[in-house]
Engineer: 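What follows is a structure written as structure tokens; I'll ask about it next.
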Number of protein chains: 2
Amino acid sequence: MDKPSDKGPSETRPGKGPGASGGGSGEGGRPDARAEAAGRPTLKTIAFMTGLGVTTVSRALKDAPEIGVETRRRVQLVARQVGYRPNRAGVRLRTGKTNVISLVLNTEEQIGGFVSDMIYGISEYLAQTPYHLIVTPYSRNNDPLEPVRYVVETGSADGIIISRTEPDDKRVRYMLEHGFPFATHGRTEIGTEHAYHDFDNHAFAQEAVKKLAGLGRKRLALLAPPSPLSYHHHMRNGFLDAMEEFGLAEVPFNTVTVDHSIERIRARTLQLMQRPNPPDGIVSGGGGATFAMVAGIEDAGLKVGTDIDIVSKQSAKLLHLFRPELYVVNEDVRLAGRELARSVIALIDGAPAASLQSLSAPGPVLARGE
Amino acid sequence: MDKPSDKGPSETRPGKGPGASGGGSGEGGRPDARAEAAGRPTLKTIAFMTGLGVTTVSRALKDAPEIGVETRRRVQLVARQVGYRPNRAGVRLRTGKTNVISLVLNTEEQIGGFVSDMIYGISEYLAQTPYHLIVTPYSRNNDPLEPVRYVVETGSADGIIISRTEPDDKRVRYMLEHGFPFATHGRTEIGTEHAYHDFDNHAFAQEAVKKLAGLGRKRLALLAPPSPLSYHHHMRNGFLDAMEEFGLAEVPFNTVTVDHSIERIRARTLQLMQRPNPPDGIVSGGGGATFAMVAGIEDAGLKVGTDIDIVSKQSAKLLHLFRPELYVVNEDVRLAGRELARSVIALIDGAPAASLQSLSAPGPVLARGE
DNA sequence: GCGCGGGGCTGTAACGTTACAGCTTGCGAG
DNA sequence: CTCGCAAGCTGTAACGTTACAGCCCCGCGC
């Protein structure tokens, strides 16, 4: 019923009668002279210059063995001379390969956000590859799964890097189910292996407690990451393990996390310090949060290094300038970026996920000038 | 002359003997049933579902007037139902439009880097557009022009955002010459109009000096940005203008800029404060740098708010926690990101560059709790 | 002298999209 | 009745790349 009319597909062409099947070839074979014109060189340009076919040029450029060695060299020489760069859209359309890695980011304001370092790290690694870095954002009101689904569904990248990983992360489940290459900043507790890089927050918290215990502190509090996140548990477990080891008592410091606003952390800390048995030592999971926390402590009229000691993780190196009495452990987020980038690419190239898992040991607990 | 070869288009297909040119019909006209199969829907899928031609569907989806109103609605309905999303590679290959904005970044470690905010701002704006954000890095040893040239030459983005703008910026000249849409964070002194967003560093420095003069400070120093950058001059001129207005003397504080390392700034500040006539007021162009500078001041045994007053610009809001005696002026980098994104897109859409220039007035000089 | 194999190269089609140049059909004017 | 025209739809080619299925020719075995 909705068939088109009966005429053949090519009757408007100037062509050839019946039995055309053998003909052609010859002159039609070479790309015409216009290829030589302005604009970016394409395979066609090189084909024209070398007198070869586009296919040959394509194969020669990727060192295919069925192209003669001399031809290969000749093509590569010409390609280099004219500054040939494969057209990404062409490759992508044909092969589905995007040569893009997507970094999925929560764009909420985060104090002391280490996102720049992460990006620098990733860029640093990608610079030696043909990959580009694309930033895919989501905001609090959106489902964190949404950007991931978008990238996977539209195939707009070959791999994804996510952070703020949860123990049972649905983004991870989704990507695993879809066989999509990804690496997470932080571990999960999902059975299936996947690529990750993580800072050893368990060890960090242990070392921090050990330090405070060594300083003679008895009542310790932990300013932890938000409880949904994986590293909340790592840090908390490390904290509790060491607390038990040293026989110390925890002063609860919940209702607030390293992700809360400066005002909130500050107010809550003040409150905490004014209660009957305030902590005399705090382990802080975030550099920015430590600023706010110290402010709260001082609001209460107490002094860091005297009334209380603090061991804090930091990614920017500003805490010692802030209060020299603070003890700090540095987290190298740039390194994390590099590792994550390396992992996704390796994964894309077929490496097994289990071999792409790394844990970054915390450096020593540093006092002032160290 | 460049007619296609003479043979029929379908000789390798399973069909049809000689004389095929008239026949064929039927099945050839409509996209075949396989279009219906799995995978992402394409125009072909919708064409098949609606019984229309691919062209019609394409036109209908962009509301072309030559498609009947009812057809248009029908196509759009189906497209929505099946979750059609144009294939970016297809569009890009055909039209050259990438729907990508490139943010060109120096990946040097910068203290207190505001890059995250910039990215958040850009993302925030791009979220309501079809554009993606791609980060194109360069490191110190590379020519800053290189990434720009790369993007322009390979057409890997429709527009570029750059920062660290210089008065006679060669990247800007290059993009102007090539008619490539771009927006700069910071102004230039190049004759040709171009899109920019800038913080009014002249006004900032003026207000800062005014504040310090009001506090009775007489010998002021300026911790400025690196001299090649445009905003070095703005800030410096604002500083000097106000100094003259209030009849104050400048204490030279060169050989160091807001971009130097913490150690360098700290050491240089100590040195400065130990000289015969140290400044009793400082204007600082960078939040991170102020941390280091204050450390240097305190190394010299002096106290901020007593021996010396400081007015500093900041993008993260940590300075008041650091030393409550500091006076601060906030710079909203996220806003800058939003503005810059808005500008490039407008430019791409044909708006005149002269209408896409904005200057962000500094907020008031804030004391402690304010 | 012929057939065969393979090295070295080739064209075609396809990925999904859009610009372009038609093709129908219906309708009103002549 | 024919023509012209416009509305509405159509197929083809092309963007640059790669998978695929050849093609040609040479040298070798028999």
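Reminder, nothing fancy here: chain letters follow the sequence lines and each chain counts from 1. All figures in this text were calculated on a predicted structure; none of them were measured in a lab.
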Engineer: Of the residues in residues 70-99 of chain A, which ones touch DNA chain C at a heavy-atom distance under 4.0 Å?
Structural biologist: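 Residues of residues 70-99 of chain A under 4.0 Å from DNA chain C: A:Thr71, A:Leu93, A:Arg94.
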
Engineer: Verify the contact: side-chain N or O of A:Ser58 to OP1 or OP2 of D:dT18, cut-off strictly under 4.0 Å; return yes or no.
Structural biologist: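 Yes, within the criterion.
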
Engineer: Test your reading of the model: is there a side-chain donor-acceptor pair from A:Gln357 to the backbone of A:His194, 3.5 Å cut-off?
Structural biologist: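 Yes, because the side chain of A:Gln357 sits within donor-acceptor range (under 3.5 Å) of the backbone of A:His194.
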
Engineer: Taking five pairs at each end, how big is the angle between the two axes of the helix from C:dG1-D:dC30 to C:dG30-D:dC1, to 10°?
Structural biologist: 70°

Engineer: Would you call the rings of B:Tyr150 and A:His132 parallel, tilted or perpendicular, where under 30° means parallel and over 60° means perpendicular?
Structural biologist: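 Answer is perpendicular, since the angle exceeds 60°.
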
Engineer: Looking at every strand, decide which applies to B:Thr56 at a 4.0 Å heavy-atom threshold: base, sugar-phosphate, or nothing.
Structural biologist: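 Since a base atom lies under 4.0 Å of B:Thr56, the category is base.
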
Engineer: Got a donor-acceptor contact below 3.5 angstrom from the A:Arg72 side chain to the A:Ile67 backbone?
Structural biologist: yes

Engineer: Verify whether one side chain among B:Ser123 and A:Thr107 offers a donor that lies under 3.5 Å from an acceptor in the other.
Structural biologist: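 A:Thr107 and B:Ser123 do not have a side-chain donor-acceptor pair below 3.5 Å.
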
Engineer: Could you walk me through whether B:Asp143 and B:Lys170 pass the salt bridge (charged side-chain N to carboxylate O under 4.0 Å, His left out) test, one step at a time?
Structural biologist: CA-CA 10 Å; B:Asp143 184 355; B:Lys170 56 181 180 173; 3.2 Å; yes

Engineer: Compare the minimum distances between each of C:dG16, C:dT10, D:dG16 and the side chain of B:Thr42, then state the nucleotide with the smallest one.
Structural biologist: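 Nearest listed nucleotide: C:dG16.
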
Engineer: Between A:Phe48 (CZ) and D:dG16 (C1'), how many Å, whole number?
Structural biologist: 18 Å

Engineer: Below 3.5 Å, can you tabulate the donor-acceptor pairs from side chains in residues 93-100 of chain A to any protein atom, sequence neighbours excluded?
Structural biologist:
unit_1	atom_1	unit_2	atom_2	d
A:Thr95	OG1	A:Val91	O	2.6
A:Thr95	OG1	A:Lys97	N	3.1
A:Lys97	NZ	A:Asn99	OD1	3.3
A:Lys97	NZ	A:Tyr131	OH	2.8
A:Thr98	OG1	A:Val100	N	3.2
A:Thr98	OG1	A:Asp158	N	3.1
A:Thr98	OG1	A:Asp158	OD1	2.8
A:Thr98	OG1	A:Asp158	OD2	3.3

Engineer: Taking only side-chain nitrogens and oxygens of B:Lys44, does any of them come within less than 4.0 Å of OP1 or OP2 of C:dG16?
Structural biologist: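 For B:Lys44, the contact criterion (side-chain N or O under 4.0 Å from OP1 or OP2 of C:dG16) is not met.
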
Engineer: Would the B:His185 and B:Tyr196 ring centres measure less than 6.0 Å apart?
Structural biologist: no

Engineer: Measure from CG on B:Leu52 to P on D:dC9 and round the result to the nearest Å.
Structural biologist: 7 Å

Engineer: Over how many whole Å does the gap from B:Ile67 atom CD1 to D:dC9 atom P extend?
Structural biologist: 6 Å

Engineer: Would the distance check show the side chain of A:Arg40 and the main-chain N or O of A:Arg85 forming a donor-acceptor pair, the cut-off being under 3.5 Å?
Structural biologist: yes

Engineer: Whole-Å distance between D:dC23 P and A:Glu66 CD?
Structural biologist: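 My rounded result for the distance is 18 Å.
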
